[in-house]
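Structure record follows, encoded as structure tokens.
Scope of the values below: all heavy atoms of this structure, side chains included, with no hydrogens, waters or symmetry mates.
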Amino acid sequence: MLERLHPRSWSLRRSTSEGRAKGQGSLSLRLAIIAAAGTTVALLLAAILFISLFRDSLQRSFDFRLVALHKALVGAVVASGEGPNETQVALGEPRFSLPQSGWYWQIRDMETGAVLTASPSLFGDHLAVDDLPDPDGRPRRLSFDGPGGRGLRAVERQITKPDGKRLAVLVAGDARGVARDISRFTTIVAITLGIFGLLLAIGAAVLIRFGLRPLRDVRAALQEVRRGERVSLGGQWPDEIAPLAEDLDALILSNREIVERARRHVGNLAHALKTPLAILQNEAEAGERELAERVGRQVEVMRGQIGHHLDRARIAAQTNVIGAMTPVAPVVEALARVMQKVHGRDRPLEISVHCPATLVFRGEKQDLEEMVGNLLDNACKWAGSEVTLSCLPAGDGNARRARLIITDDGPGLAPDERKKVLARGMRLDETKPGSGLGLSIVDELARIYGGALTLEAAPEGGLKAVLDLPVAEKNG
């Protein structure tokens, strides 16, 4: 049974700590990153699409206006019976009459390329277009810099008058207006989608907070179980969480049942072994003196060994209990009073205890009593007149711990002796009562709980025992 319980206890605790160490990070943070990335990509694609569609629509509208004005100019030129120099037309666009307005038209001779006439807006100047349109009569679209370095977009094509004269007719408009409209629209889209993205981020944060609230409630309920404030999760949970809560409750219940069965088996084994040992002892005492002494010594050794291994089995079973919590101060103060009565009867002995009332041991009361009791008893046996027990909180968060420091003013131990006394059954002084198992049990029990026992030299010259244990802190 020992081999089944002890490795199980250690593996459960080790897998839990490794699971925390290899955690996958915050689920809320992961969802927030996914939501932010998805929203950002969606908004960027939407902005690119809107701006592209607006740009294409604006440029088509601008080109359509140029083509319409070009057709009107071509109609006026073809209808004119006079020479092209006399062609002064009103195309319904006042900007053709305003000097340097950015809206121009001009007519060139296809033979020489010379400008025959132009809109008043050119103010005697001409548009510097190097080549001529193709003679097939199809219109072409141009982009070039006009007077003052202003960017222009133009439509030009060749026409043939009834008298056979071939002309190149061009109409140009200021393209900067299109660029300004596109820039303005881009700014509006960026601001609008930015506000929309902010609203989406707020909505996602609210959704994550309230959507993951049941998981936080499960975590809080589990912490209450660990603190011993409740025995199971219970309660009403969403459909997605309910199976998890039910499985956890079943696991907690199964764990308690396993521990109870282990305790019963340990007790049954202890009772089953007591009677044979008692019979052996009685038979030995009834025999020869030398034989009785030898058998008696071996019986005591067997009792010590059995007690040691039964304690290990009980300890391994108890450390699997979920939610076991024990206030430290009442336990150590009660033990100090008992030790004062036991060891202070024959000599002056002062036991000082300094322990915060808020410390709570993450384990069962009898285990804390066994560890502290063994250390106090050992210190009182060897102390001259003074023993001090101090509890010093250390660490934070889920890894909160405390150090129980027990010092005495006795003869102390050499460094090599401190290691020896932690070995099972080791006694440096046979004149002192005891089995030599106390410090070994304390050391093993502390390790099973994830703590440690170290022996050092005390400032008073005696021995200093430092017991490191996992603790919590009571609220209020």
Measuring from atom [atom1] of [X] to atom [atom2] of [Y], what distance do you get when rounded to the nearest 0.5 angstrom?
X: Thr112; Y: Leu132; atom1: OG1; atom2: CG; result: 8.5 Å
X: Asp181; Y: Gln59; atom1: CG; atom2: CD; result: 11.5 Å
X: Met110; Y: Arg166; atom1: CE; atom2: CZ; result: 5.0 Å
X: Ile188; Y: Leu193; atom1: CD1; atom2: CG; result: 11.5 Å
X: Leu198; Y: Thr39; atom1: CG; atom2: OG1; result: 11.5 Å
X: Ser390; Y: Arg403; atom1: OG; atom2: CZ; result: 13.0 Å

Under 3.5 Å, side chain of [X] to main-chain N/O of [Y], donor-acceptor pair present?
X: Thr326; Y: Gly363; answer: yes
X: Arg447; Y: Val442; answer: no
X: Arg213; Y: Ile208; answer: no
X: Asn374; Y: Glu370; answer: yes
X: Thr388; Y: Thr407; answer: no
X: Ser57; Y: Leu53; answer: no
X: His126; Y: Gln106; answer: no
X: Thr192; Y: Val189; answer: no
X: Thr187; Y: Ser183; answer: yes

Taking the side chain as C-beta and beyond, is there a heavy-atom pair between [X] and [Y] under 4.5 Å?
X: Lys365; Y: Val331; answer: yes
X: Val155; Y: Pro139; answer: yes
X: Val77; Y: Ile107; answer: yes
X: Leu469; Y: Leu368; answer: yes
X: Leu167; Y: Lys161; answer: yes
X: Phe123; Y: Gln100; answer: yes
X: Glu156; Y: Val129; answer: yes
X: Pro214; Y: Arg216; answer: no

Have a look at [X] and tell me which of [options] forms a side-chain contact (heavy atoms from CB on, under 4.5 Å) with it.
X: Val332; options: Leu376, Val372, Ile406; result: Val372
X: Val169; options: His70, Lys71, Arg108; result: His70
X: Trp105; options: Leu170, Thr117, Leu122, Leu127; result: Thr117

Write down the atom of [X], the atom of [Y], and the distance for their closest heavy-atom approach.
X: Phe96; Y: Ser101; value: N-OG, 4.5 Å
X: Leu392; Y: Ile405; value: CD1-CD1, 3.6 Å
X: Tyr104; Y: Ser119; value: CA-OG, 3.5 Å
X: Ala465; Y: Leu375; value: CB-CD2, 4.1 Å
X: Pro356; Y: Cys391; value: CD-O, 3.5 Å
X: Asp408; Y: Ala458; value: O-CB, 3.9 Å

Passes side-chain contact (heavy atoms from CB on, under 4.5 Å), Thr186 versus Phe50? Steps please. CA-CA 9 Å; Thr186 301; Phe50 291 158; over 6 Å; no
In terms of the angle between their ring planes, are Phe54 and Phe185 parallel, tilted or perpendicular, with boundaries placed at 30° and 60°?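 Phe54 vs Phe185 ring planes: parallel.
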Can you confirm whether more than 12 heavy atoms, excluding those of Arg140, are under 6.0 Å from its CZ atom?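 Check passes, neighbour count above 12.
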Looking at Phe144, I'd like to know if its CZ atom is crowded, meaning that more than 12 non-hydrogen atoms belonging to other residues, nucleotides or ligands lie closer than 6.0 Å.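 Atom CZ in Phe144 is crowded, with more than 12 foreign heavy atoms closer than 6.0 Å.
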So Leu463 and Leu455, side-chain contact (heavy atoms from CB on, under 4.5 Å) or not? Walk me through it. CA-CA 7 Å; Leu463 184 66; Leu455 302 179; 4.1 Å; yes
Given side-chain contact (heavy atoms from CB on, under 4.5 Å), test Arg150 with Arg176 step by step and report yes or no. CA-CA 8 Å; Arg150 182 178 297 179; Arg176 292 186 306 173; 2.9 Å; yes
So Asp174 and Arg95, salt bridge (charged side-chain N to carboxylate O under 4.0 Å, His left out) or not? Walk me through it. CA-CA 10 Å; Asp174 188 357; Arg95 286 177 289 184; over 6 Å; no
Using a strict 4.0 Å threshold on nitrogen-to-oxygen distance, state whether Asp468 and Arg401 make a salt bridge. yes
Apply side-chain contact (heavy atoms from CB on, under 4.5 Å) to residues Ile191 and Phe196 and explain how you reach the verdict. CA-CA 9 Å; Ile191 294 175; Phe196 188 60; over 6 Å; no
Criterion salt bridge (charged side-chain N to carboxylate O under 4.0 Å, His left out) on Arg153 and Asp63, from CA distance to verdict: CA-CA 8 Å; Arg153 188 171 177 84; Asp63 290 345; 2.5 Å; yes
